[in-house]
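Below: the structure, in structure tokens.
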There are 2 protein chains.
Amino acid sequence: MSRGSPCAAARRSGAVACLQCEVREISLCGELPENDLSELQSLVRHKEMQPGTPIFEEGDEARYVYNVSSGTIRLYKLLPNGRRQITGFLYPGDFLGLAARDIYSYGAEAVTELRLCQFGVRELEGLFERFPAMRARLFAIAKDELAAAQDQMLLLGRKTPIEKVSSFLLRRLKDARRFDPESDRIFLPMSRNDIADYLGLTIETVSRTFTRLKNDGVINLPDSHNVRIPDDEKLSELAEES
Amino acid sequence: MSRGSPCAAARRSGAVACLQCEVREISLCGELPENDLSELQSLVRHKEMQPGTPIFEEGDEARYVYNVSSGTIRLYKLLPNGRRQITGFLYPGDFLGLAARDIYSYGAEAVTELRLCQFGVRELEGLFERFPAMRARLFAIAKDELAAAQDQMLLLGRKTPIEKVSSFLLRRLKDARRFDPESDRIFLPMSRNDIADYLGLTIETVSRTFTRLKNDGVINLPDSHNVRIPDDEKLSELAEES
DNA sequence: CGAACGTTTGACGGGAATCAAGATAGGTGG
DNA sequence: CCACCTATCTTGATTCCCGTCAAACGTTCG
């Protein structure tokens, strides 16, 4: 491995300086004062990867945490016979790497082309000592994830296929509207298989449910990864959201 | 309300001093040095309640956190039409009350007679400032809960009824063995209905599955709340645990 | 053009939910 | 102490939805 200047290394990997980072404000890094961003910069390592690439696997020692710069990640758990449950999808700005007892309890893979910021947990701990607000933010992230996990348990245990798919689309729509409040379109970077493993269904049931929503006029499907939602009220009813 | 001395108040409510607390070591309070237990003592408020009593409801402002002294709690979420998903059971020593955005995202009820220690979140925050180890411990608890939630998602989305019930019994057996490593008996304080809502099944399917496990010799059922497990190997296979 | 992959659609069957009826246990009052 | 009532659990019968198996369709890429 050649060792150039950090700056050159960053340029080589297509890295963006933290100050210019598009997702900084919505990520953990947004908690750090701009003046101290250089501290982050010296800790971060930029990663780029292709669809399907594993980031880490269940059981791995949890040495790093990550922030998603661009692209989509799936988190998953496996049963011995190969059945898979996707426990979550991550999008730009999302944090990755919380682990109990320093062992990842889930695997993580790139769904799309992906850009990540990698931090060593030890080094980050040093930063937390000096900037307690970052630790507080991470704790808040953990609590948000826990609430999301509980929502997903409700979905998996007690919702029908229609309700599951509607809930999934509605969540994606709400995410899209954080950036564009007028948006009625969502892009689904993941396959039907991924959606099925996320919702506790089979790929066929997912496909049929999309078709049914389309035929009922609740959604448009320009193609299998793009959805237009003309009437989010109707979708909300179908999702059984309170 | 008459205001006696704190000591008298504690005696009236059957409270135990923190120093004598049986579950202190395995709970968040175990992180505080014995010498400083008086700090806790001045913050804590003891609660006792009967089966079925609500502790708080989804949507309530999260002003308090709790530790379970004795008894069992169910955490749950509801759908508008009344369907219920139990997201977890809590036992002595367990912590209760993590909340995103200071709103409980789930309800909590007593399953059995219950004794709780209640802490105001504001006051506890003050304690955390002086004893950072407690905050770290709470973060560790949050990460454990998140890992448990992911396990439960795998169970709800991808396991069969036999696997679900076996996994549930196996977990309870492992819990029992933390206190008595030789134990082959578990006590289930909750109803079949609670188990069904925890595992994403109907009460009838839970009952049939218990019966089937009994007929197959995997468990004994002295009565519906007591289970003996002669062969935990077999149960482990059925649970599809790795 | 054809191979490979992902998605959709169709036919079918199994298994859990639903509907319904008993069995068991716990509690109350006569 | 027992009859009665209620709640919980178990068991049985039936239904129907989703999973399974299979094939067709469409898109991408070599």
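Everything numeric in this text was worked out from a predicted model, so none of it was measured. Convention: sequence-line order gives letters A, B, ...; per-chain numbering from 1.
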Separation of atom CG in B:L156 from atom P in C:dA16, rounded to whole Å:
15 Å
Kindly say if A:H225 contacts the phosphate of C:dG6, meaning a side-chain N or O under 4.0 Å from OP1 or OP2.
no
Separation of atom CG in B:L199 from atom P in C:dA17, rounded to whole Å:
11 Å
Report the distance from atom CZ of B:F210 to atom P of D:dT8, rounded to the nearest whole Å.
16 Å
Can you see whether A:F210 has A:R192 sitting over its ring - NZ or CZ less than 6.0 Å from the centre and within 45° of the normal?
yes
Within the pair B:S224 and D:dT8, is there a side-chain N or O less than 4.0 Å away from OP1 or OP2?
no
Taking the six-membered ring for Trp, are A:Y64 and A:F56 closer than 6.0 Å centroid to centroid?
no
If I take atom CG in residue A:N226 and atom P in nucleotide C:dT7, what distance separates them, rounded to the nearest angstrom?
13 Å
What do you reckon, is CZ of A:R212 surrounded by more than 12 foreign heavy atoms closer than 6.0 Å?
no
Send over the distance from B:I203 CD1 to D:dT8 P, rounded to a whole Å.
9 Å
Using whole Å, what does the distance between atom P of nucleotide C:dG6 and atom CG of A:D197 come to?
13 Å
Taking the ring centre of each residue, are B:Y198 and B:Y76 less than 6.0 Å apart?
no
Select base, sugar-phosphate, or nothing to describe what A:S207 touches, counting heavy atoms under 4.0 Å on all strands.
base
Whole angstrom value for the distance that separates C1' of C:dC5 from CE of A:M190:
19 Å
Before you tell me yes or no, could you show the steps for B:E240 and B:K159 under salt bridge (charged side-chain N to carboxylate O under 4.0 Å, His left out), namely the whole-Å CA-CA distance, both residues' side-chain angles and the distance that decides it to 0.1 Å?
CA-CA 8 Å; B:E240 287 282 320; B:K159 287 190 179 180; over 6 Å; no
Separation between CG (B:D232) and OG (B:S166), nearest 0.5 Å, reads 12.0 Å
For nucleotides 17-30 of chain D, 5' to 3', base contacts (B), sugar-phosphate-only contacts (S) and non-contacts (-) with protein non-hydrogen atoms under 4.0 Å give -SSBB---------
A:D223 CG - C:dT7 P separation (whole Å):
10 Å
Please report the shortest heavy-atom distance between A:K164 and A:L156, naming the atom on each side.
NZ-O, 3.8 Å
